[in-house]
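Worth saying up front: this structure is predicted, and the values here are computed from it rather than measured.
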Amino acid sequence: MTARSRVSRRGLLGGGAAAAGVAGAFAAGRIAAPDPAKVAAPTASYPFHGERQAGIVTPAQDRLHFVALDVTTEDRDELIALLKAWTEAAARMTSGESAGPVGAVDGPGNAPPDDTGEALDLPPSRLTITFGFGPGLFVDADGKDRFGIADRRPEALEQLPKFSADVLDPARSDGDICIQACADDPQVAVHAIRNLVRIGFGTTAVRWSQLGFGRTSTTSTSQSTPRNLFGFKDGTANIKAEEREALDEHVWVGAGDDPKAAWLAGGSYLVTRRINMTIEVWDRQSLESQEQFVGRTKGTGAPLSGGEEMSDPDFSMQGSAGSIIPVDSHVRVVHPETNDGVRILRRGYNFVDGSNDVGGLDAGLFFIAYLRDPRTHFIPLQRAMSKSDALMEYLRFTGQALFAVPPGTGRGEYVGQALFA
């Protein structure tokens, strides 16, 4: 250990002996107490350990870094060792500490630090880190059971089918393992993924990744509904963390859902879809046309049948030209009322990845959804959307993936431990 003082991200929030000394000074009157109106609220952090993985029903943060990895080793022990190392690093980073036990500046000068350092002086920023397992982890492309877990593969964990209007890029699809990092500071999210990928060198390799900004859904009643890059409020009817019964019915895998995948009970399935929006074409449409395509007003987000944003749409209401809410409007096609009551928990983000090969913006929505069973809660919904949703004219689906997300990790355990027990 060098003589340099050790600084942790959490320490910079005012914790420890220094904070106690300052508090004593306030009490003794040596330092004037700050004006409460000028004191920022402490930055929240979420523990990594718990019954469920954080980053699902956690109030959606503003930034995302998502990565899908391929496992390059065929050694079961190496994979388990990596999962243990990832668990330890994730627990540290979500609490505001460095990725490694030594940190970015306190190790020997003749060796690489065990943390890359770009988040050294940043607070936790509500960082959450969520892990999932893809179909290829259980059986690879050649049908090989590399890690002795093929018999524990959930029946629903199959590569997603290609839907009509898909132009999928294999380099942006699938993966053996995914890691989702969400935070209110983009550098904190990037730091988390960068360091986890670094820990995995030699055992995993990045298949694809996605940065996101501006959440496009709300996962708590405490949050307002955000807007997507079409300018419309998005995810109004999304399942909220406070809806416990809805979560049990539509998001969490039940104990008896799949007997051979008991390890997944209490977890969920994660679907990603990279949705490019043809923004330049959309921007030339009239306001009335845009609202007809969506089925909601652009300003308040209220359904075209009237009321406020949270009002239930009235699909039976008729006007002089037919249904007030068009039969091919997005809100009507994907609404639970027209899909056997099925609901999903959405957690998507906007993205802008520069320009495409024809000079337009490479931009859109990185769709993330958590659901109980993709066979009943996503695939039929996507097929209905592909078949009759008016918005499809302005969307191109360029990547997708499906992962099984295990339940939370207790202290002393590692993520996915039940799968390998």
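A distance-only check finds no donor-acceptor pair linking the side chain of E78 to the backbone of E74 [under 3.5 Å]. With hydrogens and angles ignored, the 3.5 Å screen pairs a side-chain donor or acceptor of E242 with a backbone N or O of T221.
By the 4.0 Å N-to-carboxylate-O rule, R63 lies too far from D184 to be salt-bridged with it. At a threshold of 4.0 Å, the pair R153-E158 counts as salt-bridged, since one of the basic side-chain nitrogens sits closer than that to a carboxylate oxygen. At a threshold of 4.0 Å, the pair D234-R346 counts as salt-bridged, since one of the basic side-chain nitrogens sits closer than that to a carboxylate oxygen. Between R343 and E243 there is a salt bridge, with a side-chain nitrogen of the basic residue lying less than 4.0 Å from a carboxylate oxygen of the acidic one. Salt bridge annotation for E118-R194: present, with a cationic side-chain nitrogen under 4.0 angstrom from a carboxylate oxygen. Using a 4.0 Å cut-off between a side-chain N of Lys or Arg and a carboxylate O of Asp or Glu, D142 and K144 do not qualify as a salt bridge. The residues R152 and D145 are annotated as not salt-bridged, no charged nitrogen and carboxylate oxygen being separated by less than 4.0 angstrom. Using a 4.0 Å cut-off between charged side-chain N and carboxylate O, R274 and D362 make a salt bridge. Look at D114 and R198 and you find no salt bridge, because none of the NZ, NE, NH1 or NH2 atoms lies under 4.0 Å from a carboxylate O.
The aromatic ring centres of F315 and H335 sit less than 6.0 Å apart. Aromatic ring centres of F293 and Y394: separated by under 6.0 Å.
Note that the CD atom of E337 and the CG atom of N339 stand 10.0 Å from one another [nearest 0.5 Å]. Atom OG of S95 and atom CG of L127 lie 9.5 Å apart (nearest 0.5 Å). Atoms OG1 and NZ, on T216 and K233 in that order, are 14.0 Å from each other to the nearest 0.5 Å. Taking CG of L122 as the reference point, atom NE2 of H191 lies at 9.0 Å (rounded to 0.5 Å).
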(request) Test salt bridge (charged side-chain N to carboxylate O under 4.0 Å, His left out) on D389 and R332 and set out the steps. (result) CA-CA 9 Å; D389 193 327; R332 186 163 188 158; over 6 Å; no

(request) Using the side chain to side chain contact (heavy atoms under 4.5 Å, CB included) rule, take V197 and V206 through it: C-alpha gap first, then chi angles, then the decisive distance, then the call. (result) CA-CA 7 Å; V197 168; V206 172; 3.7 Å; yes

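Remark: of the listed residues F367, F131, F351, W208, W208 is the sole one forming a ring-ring contact (aromatic ring centres under 6.0 Å, His included) with F66.
Annotation for R244: atom CZ does not count as buried by contact number, only 12 or fewer foreign heavy atoms lying within 6.0 Å.
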